[in-house]
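Hydrogens, waters and symmetry mates play no part in the numbers below; they use all other heavy atoms, side chains included. Every chain is numbered from 1, with letters handed out A, B, ... down the list of sequences.
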Amino acid sequence: MKPPCRHPSLHTSNAKNPPSSSSLLDDFTRHCYERDLPRAMKALHLMQRHQLWADSITYSELIKCCLARNAVGEAKQVHEHVFSNGYEPKTFLVNVFMNMYVRFGMLKVAEKLFDQMPERNVVSWTTMISAYASAKLRDKALEYLILMLRDGVRPNMFTYSSVLRACDDLWKLKQLHCIIMKVGLESDVFVRSALIDSYSKGGDLQGALVVFNEMVTKDFVVWNSIIGAFAQNSEGDEALNLYKNMKRAGFFADQSTLTSVLRACTALALLELGRQVHVHVLKYDRDLILNNALLDMYCKCGSLEDATLIFGRMGERDVISWSTMIAGLAQNGRSREAMDLFEQMKLSGMTPNYITMVGVLFACSHAGLVEEGWNYFQSMKEDFGINPGREHYGCMIDLLGRAGKLDEALNLVKEMDCEPDAVTWRALLGASRVHRNVELAQYAAEQILKLDPQDAGTYTLLSNIYANNQRWDDVREIRRSMKVKGVTKEPGCSWIEVDKKIHAFILGDESHPQIDEIYRHLNELVLRLVAMGYVPDTNFVLQDLEGEQREDSLRHHSEKLAVVYGIMSLPREKPIMIRKNLRICGDCHIFAKLVAKMEGRRIIIRDPIRYHHFENGECSCGDYW
DNA sequence: TTAGGGTTAG
């Protein structure tokens, strides 16, 4: 935009030739449009002295300039000038100031302006609603929508897309959606993407998809919304499908798309696809969020080498970068390095947050460092003001449990500030299993089943504990109880990426095109392992079958099939990376250790909780999981 | 003058 007209500038005037009112205002206008903040401010002070005011549009240009330069002090001076000596700015200009204060994070000042406004239009209301939505003051945002309607002001698409961000409750969201349809604003792309996002945040992916599919003209943000929706709700497959469709529709991936795609790769443990995405990330190498997602992808896909490289090269790191790397090292069994990195983080001046401490305690738990764990746990609040939450207690229970201090672990559960949940009790159940404390296991399992009566994993774990202790009657009782309650054990499933394709193996499913070859290979492998002294550990079979039949059931666990397929299909130098839906059983754990040694391969199995790096007959988990 | 999409644990 060009200034309306030009006059000699202020700095050419002197005492003998004082500037005229019009030239003063013109100069001010010019400096504002030229975004020359120092000269505009100088002119403003002269105007103040001469009791002159410019037009609203010019002030709004100056405010834009203050916002761009984060010049809060100057912005306040403009505010004082505009509101001085009884001058009453128009609604338009007050809106501009309100928006300015919101952007500067000064919500209270914006509120005060809003309250004192003689007249409020749709922009005034929307500015406040948007501010409350951003500040997560959701009730306030919704309350203002009602107040606005009561005031007789009609909300527009800006208002609805703002208020939607404040709606995290599906019931309220659906009501709002109805109103939006009724007033005919559903076709607006901003409203649509806000709707998609709200449905996604409420966990209703189908709702999000319906809104998406109804759109005739989709823009790239809407594509990003729907891809993000699926990626964030652990539906990586569908997120990647949508990404393919987005490209087919002629759209290019930007930072947001790539972040979601990386998240999908991370969830599915697709290292090779993740690497391909990495190539596209290179052009946005200064994007912190994207780099953090990349870092996480490498950590969770088992490539700590790549993660370390990325972390080292990052020009900017925030608390998420540090936390991701610390947790990544810890989850992959490199506890000492995780703790060293935490020390480095503190030295760098970065303050850890709640999640950082989960990673640190997880590292201690993994390495069995009881004393260090207690120290970190107790100093969290003191040093960083972080109150320990369930996740931190969970790590400590794990840590104490691993060290065989089951009584201390139980005491800690009782001392928790927050109510223990199923995850807490599961940590205790896991520890009881390792240390074969049947009574405590039974107690922990009861607590879990009170909170989550359909939890098949707990029945299985308890059944395994009974099986370990040859309590076959109890094993049978569990099976009966599961049948009565209609609890079905989710079949074990393992996935492996070969040639950029995902191959799934499910216990008992023989649909893989090479299944005969895989079984043949597996049988040969087992024979060679048996010759080396491998005895299948039949304690991990849920069914109380006998003899050879029990071994067969174990032999076909999905991760074994995936390991064999990996050996058959992947070059020797590539690690065999497998993702599992259930926790790995003891027999598969021994099997993977021995195969890694015998075949000279690196095998990584990621279960829902832990990562197992098998190399040279050892596992990074230290045989505790 | 007001609006939409992306990252760490569990």
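We find that CE of A:Met215 is positioned 10 Å from C1' of B:dG4, with the value rounded to whole Å. With rounding to whole Å, A:Gln232 atom CD is found 18 Å from B:dG10 atom P. For the pair A:Asp398 CG and B:dG10 P, the computed distance is 10 Å after rounding to whole Å. Between the OH atom of A:Tyr144 and the C1' atom of B:dT2 there is a distance of 16 Å, rounded to whole Å. When the P atom of B:dG10 is taken as reference, atom CG of A:Leu361 falls 11 Å away, rounded to whole Å. As rounded to whole Å, 13 Å separates atom C1' of B:dA9 from atom CD1 of A:Ile386. Rounded to an integer number of Å, the gap from CD1 of A:Ile227 to P of B:dG4 is 19 Å. Atom-to-atom, CG of A:Asp254 to P of B:dG4 comes out at 15 Å; the value is rounded to the nearest Å.
The base of B:dG6 sits with one of its N or O atoms less than 3.5 Å from a complementary donor or acceptor on the side chain of A:Asp287. A donor N or O paired with an acceptor N or O is found under 3.5 Å between the base of B:dG4 and the side-chain atoms of A:Asp219. Below the 3.5 angstrom threshold, one finds a donor paired with an acceptor across the side chain of A:Ser193 and the base of B:dG4. A donor-acceptor contact under 3.5 Å is not formed by the side chain of A:Thr324 with the base of B:dT8.
No engagement by A:Val163 is indicated, since no non-hydrogen atom pair under 4.0 Å with the nucleic acid exists. The residue A:Tyr354 sits close to a base: some heavy atom pair falls under 4.0 Å. Within the 4.0 angstrom heavy-atom criterion, base atoms lie near A:Val221. Across all strands, A:Lys300 comes closer than 4.0 Å only to sugar-phosphate atoms, never to a base (heavy-atom distances). Counting non-hydrogen atoms under 4.0 angstrom, A:Arg263 reaches the backbone sugars and phosphates but no base. Heavy atoms of A:Val189 sit under 4.0 angstrom from at least one base atom. Across all strands, A:Arg103 comes closer than 4.0 Å only to sugar-phosphate atoms, never to a base (heavy-atom distances). Residue-level contact check: A:Asn156 touches the bases, meaning some heavy atom is under 4.0 Å from a base atom. At the heavy-atom level, A:Phe97 lies nowhere under 4.0 Å from the strands shown.
Shortest non-hydrogen contact noted between A:Met345 and A:Ser348 is O-OG, 2.7 Å.
Using a 4.0 Å cut-off between charged side-chain N and carboxylate O, A:Arg275 and A:Asp306 make a salt bridge. Salt-bridge annotation for A:Asp168 and A:Lys201: absent, with no side-chain N of the basic residue lying under 4.0 Å from a carboxylate O of the acidic one.
Ring orientation note: the planes of A:Tyr87 and A:Trp53 are close to parallel, at an angle under 30° on the 30°/60° scale. Below 30°, between 30° and 60°, or above 60°: for A:His366 and A:Phe362 the angle between ring planes is between 30° and 60°, a tilted geometry.
Ring-centre distance between A:Tyr59 and A:Phe28: below the 6.0 Å cut-off.
Of the side-chain N and O atoms in A:Lys201, none sit less than 4.0 angstrom from OP1 or OP2 of B:dG4.
Of the candidate nucleotides B:dT1, B:dT7, B:dA3, B:dA3 has the atom lying nearest to any side-chain atom of A:Asp188. Checking B:dT1, B:dG6, B:dT8 against every side-chain atom of A:Ser260, the shortest atom distance belongs to B:dG6. Closest to the side chain of A:Ile289, out of B:dG6, B:dT1, B:dA9, is B:dG6. Here the nucleotide nearest the side chain of A:Asn121, chosen from B:dG6, B:dG10, B:dT1, is B:dT1. With B:dT8, B:dA3, B:dG6 as the candidates, the nucleotide lying closest to the side chain of A:Ser162 is B:dA3. Listed candidates were B:dG6, B:dA3, B:dT8. Nearest to the side chain of A:Leu290 is B:dG6. In the set B:dT1, B:dG6, B:dG4, the nucleotide with an atom closest to the side chain of A:Asn99 is B:dT1. Among B:dT1, B:dG6, B:dA3, the nucleotide with an atom closest to any side-chain atom of A:Phe92 is B:dT1. With B:dT1, B:dT2, B:dT7 as the choices, the nucleotide that has an atom nearest any side-chain atom of A:Phe158 turns out to be B:dT2. Residue A:Arg165 places its side chain closer to B:dA3 than to any other of B:dA3, B:dT1, B:dT8.
Side-chain atoms of A:Leu145 and A:Trp125, non-hydrogen and from C-beta on, never get closer than 4.5 Å to each other.
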